[in-house]
*Asks:* 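Dropping a structure here in structure tokens format, bear with me for questions.
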Number of protein chains: 2
Amino acid sequence: MLKPKKILNNPNHVRQELLDGLVYAYQGELTPIKEFCSAYRKSIASDQVIIVSGGGSGHEPTFAGFIGKGGIDACALGEVFTSPSPDQIIEVTKAAHKGKGVLFLYGNYSGDSMNFDIAAEILAEEGIETKTVRTTDDIASAPLDRMSDRRGVGGIMFVYKLTGAAAQFKHYDLDKLQAVAKKANFNTRTIGVALSGSALPQSSTFNFELADDEIEIGIGIHGEAGLRRQKLTTTDEVVKEMIDKLCADLPFNRGDKVCVAINDLGSLSYTELLIVSRKVGMELAERGITTYDIAIGHFCTSLEMSGFSISFLKLDDELQALYDLPCETFGWRK
Amino acid sequence: MLKPKKILNNPNHVRQELLDGLVYAYQGELTPIKEFCSAYRKSIASDQVIIVSGGGSGHEPTFAGFIGKGGIDACALGEVFTSPSPDQIIEVTKAAHKGKGVLFLYGNYSGDSMNFDIAAEILAEEGIETKTVRTTDDIASAPLDRMSDRRGVGGIMFVYKLTGAAAQFKHYDLDKLQAVAKKANFNTRTIGVALSGSALPQSSTFNFELADDEIEIGIGIHGEAGLRRQKLTTTDEVVKEMIDKLCADLPFNRGDKVCVAINDLGSLSYTELLIVSRKVGMELAERGITTYDIAIGHFCTSLEMSGFSISFLKLDDELQALYDLPCETFGWRK
């Protein structure tokens, strides 16, 4: 049986230590609240609605790595694959809040929802208004007629980017910001595949095992079961099926303008990722769908999982104008 | 025995297909020469010296992924871990050349040196002047008194960035460009460690094997043997030793201003990479060395190798002014 191999200090200090790493990476732009394992950016304008996110660690650079100019404002870091607690969310929200309200924006998982909702209640008692949008881009996690049951995965980067631009550069109020976050989430669809599982820092086994010649289509970012397992075939076959499924879902049609994210789930080689990208480009061109922009790299990982996900964001005029604004975060710079 | 697991189309078409992927990623900014598996950027100014690089595939985004504004101008892609041929180098150089001369800038490996030298001879006969700088940043590959025997690894990104800025924005002539490339290379030092090997696309075995509890200190980017193998200890112990070695080498001293690259060699998780980054920051702060800037991510990989490298670039006034200029390449955007 394959055994995970990692280099760490203390497996129980992962989230604290990676927060230290992020603080170093941000070179002064990030204020950590160490005792609540959370952080917010230094240059929040006094007249903006703030965007607060959070989630389990192990998906770096998601979530905290998207704090920044044209990104989110604050984030609470849970233990690996575990929701942050209400007190973490409350403390970082209070520290970052400028009196104009708060958008809670995070992936749709029951633990996160519960704890953000508790935080929202307590903050309301203290006079801080919050609204919530949960991202639900993983098309493999529930059928189209149960969209609100879908999980949030790699496509959150697009929702962060568009709402960050709206809050920081266009001064959207809280209602308008929630509306654009909902639209951005609705217009974003993702599907992932895995060649291997990943392992919690404390664990000596992987969260799931695939045979040497197997691939899982529709994998979740914590190793949640996908649509099916099948024989590992070629890049082109797998990517074609993923794009068939993505295009049928929203749908994405001939003449649409989309932004594309091709995301490494952890340990797929960059070489393979570029061969994936080639096929994505060919498929979109063949379908008459315009690639407005493309991001390739590690955006939402699952520790050392080998695999990748493809996200499409369909643009309209409002989203395109927001997309064109600067984005200078650790996880994504364009 | 651990077996490599990849998703590919044809293992013999890796370099052609990843070039297609890059062309898609660059969204029109890259002109490929498909029959010579090479590419150059569209917006080369008519009065600039061009920078041509090349090397084996499998290190993505190095080498071709650093083509761009504030980066290099042209690149020839060899087969995986194999030098490009003289005709590839000649064709892409002739296509990109603007009549102001050419800097050949690539990692110090015998095959690359031989083929770039042959290309230089043939281009000279056609009236195209070239000068060469080979990068030698891998401090583990030969002792300090044989610096010219050292291999080029991840630090090439700094040399690309500084010379790209000098050629494109400061209009350095060929002599001055060669001089700044030499200085940038001299001021750049790298050391890497591996937790696993990598495998050629055609191979069913890894290029080397490490036990579950072993790490190799000083690994090369093709799996060349490092300084030693040892028991896998903690991130902090390993990083401290790496920084001890880097600092002793140039040396990097209290009061120095350095740019830092923390590079994933392929399949180390981003989570672990951020914990590495934390310790790099702590060590530099403790030594009184100023971090001027920091890049964290996948810059020079070795297929699916698990491991990381740390590169330091020491700045002086000229290099700092060049460093501050824009860099908008696929592999690195700042």
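We use all heavy atoms of the structure for the numbers below, so side chains are in, but hydrogens, waters and symmetry mates are not. First the proteins, then the strands, lettered A, B, ... as listed; each starts at 1.
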*Asks:* For chain B, which of A:D212, A:L210, A:L273 has the most heavy-atom pairs under 4.5 Å?
*Replies:* A:D212
*Asks:* What is the distance from atom NE2 of A:H59 to atom OH of B:Y270, rounded to the nearest 0.5 Å?
*Replies:* 15.5 Å
*Asks:* For B:P201, which atoms come within 4.5 Å of any heavy atom of chain A: side chain, backbone, both, or neither?
*Replies:* neither
*Asks:* Using a 4.5 angstrom heavy-atom cutoff, name the option from B:V80, B:D293, B:T301, B:V14 with the most pairs to chain A.
*Replies:* B:V14
*Asks:* Applying side chain to side chain donor-acceptor pair (under 3.5 Å) to B:S269 and A:E304, what does each step give before you reach the verdict?
*Replies:* CA-CA 5 Å; B:S269 73; A:E304 74 274 59; over 6 Å; no
*Asks:* Checking heavy atoms, do the side chain of A:V260, its backbone, both or neither come under 4.5 Å from chain B?
*Replies:* side chain
*Asks:* Within the distance-only criterion (no hydrogens, no angle test), does the side chain of B:E17 pair as donor or acceptor with the backbone N or O of A:I275 below 3.5 angstrom?
*Replies:* no
*Asks:* Please classify the contact of A:S302 with chain B as side chain, backbone, both or neither, using a heavy-atom distance under 4.5 Å.
*Replies:* neither
*Asks:* Nearest 0.5 Å, what's the CG-CG distance between B:L232 and A:L8?
*Replies:* 9.0 Å
*Asks:* What is the distance from atom OG1 of B:T235 to atom CG of A:N10, rounded to the nearest 0.5 Å?
*Replies:* 10.5 Å
*Asks:* With a 4.5 Å cut-off on heavy-atom pairs, point out which of A:S267, A:P4, A:A295 contacts chain B the most.
*Replies:* A:S267
*Asks:* Has A:N9 got a side-chain atom pairing as donor or acceptor with B:D236's backbone, closer than 3.5 angstrom?
*Replies:* yes
*Asks:* Could you tell me which non-hydrogen atom of A:K334 sits nearest to which non-hydrogen atom of B:R333, and how far apart they are?
*Replies:* CA-CD, 3.9 Å
*Asks:* Applying salt bridge (charged side-chain N to carboxylate O under 4.0 Å, His left out) as the test, list every pair that has at least one member in residues 21-34 of chain A; sequence neighbours left out.
*Replies:* A:D20-A:K34
*Asks:* Under 4.5 Å heavy-atom distance to chain B, tell me which part of A:L195 shows up: side chain, backbone, both or neither.
*Replies:* both
*Asks:* Hey, is NZ on A:K42 packed in by over 12 heavy atoms from elsewhere, all under 6.0 Å?
*Replies:* yes
*Asks:* Under 4.5 Å heavy-atom distance to chain B, tell me which part of A:L284 shows up: side chain, backbone, both or neither.
*Replies:* side chain
*Asks:* Tell me, side chain or backbone of B:T233 under 4.5 Å from chain A's heavy atoms, or both, or neither?
*Replies:* backbone
*Asks:* Can you label the angle between the A:H298 ring and the B:H298 ring as parallel, tilted or perpendicular, going by 30° and 60°?
*Replies:* parallel
*Asks:* Heavy-atom pairs under 4.5 Å with chain A: which of B:V280, B:L268, B:V276, B:L19 has the most?
*Replies:* B:V280
*Asks:* Identify the two heavy atoms, one from A:A25 and one from B:I296, that lie closest to each other, and give their separation to 0.1 Å.
*Replies:* CB-CD1, 3.5 Å
*Asks:* Specify which of B:G297, B:G266, B:S57, B:P61 makes the most heavy-atom pairs with chain A at under 4.5 Å.
*Replies:* B:P61
*Asks:* How long is the straight-line distance from OH of B:Y24 back to CD1 of A:I262, given to the nearest 0.5 Å?
*Replies:* 5.5 Å
*Asks:* Name the option with the most non-hydrogen atom pairs under 4.5 Å to chain A; the candidates are B:T291, B:L22, B:V193.
*Replies:* B:T291
*Asks:* Identify which part of B:V238 has an atom lying under 4.5 Å from any heavy atom of chain A, answering side chain, backbone, both or neither.
*Replies:* side chain
*Asks:* Find the distance between CD (A:E272) and NZ (B:K5) and round it off to the nearest 0.5 Å.
*Replies:* 11.0 Å
*Asks:* To the nearest 0.5 Å, tell me how far A:K6 NZ sits from B:S306 OG.
*Replies:* 9.5 Å
*Asks:* Residues two or more places apart in sequence or in another chain: which of them pass side chain to side chain contact (heavy atoms under 4.5 Å, CB included) with B:E241?
*Replies:* B:I217, B:R228, B:Q230, B:K245
*Asks:* Heavy-atom distance under 4.5 Å to chain B: side chain of A:V23, backbone, both or neither?
*Replies:* neither
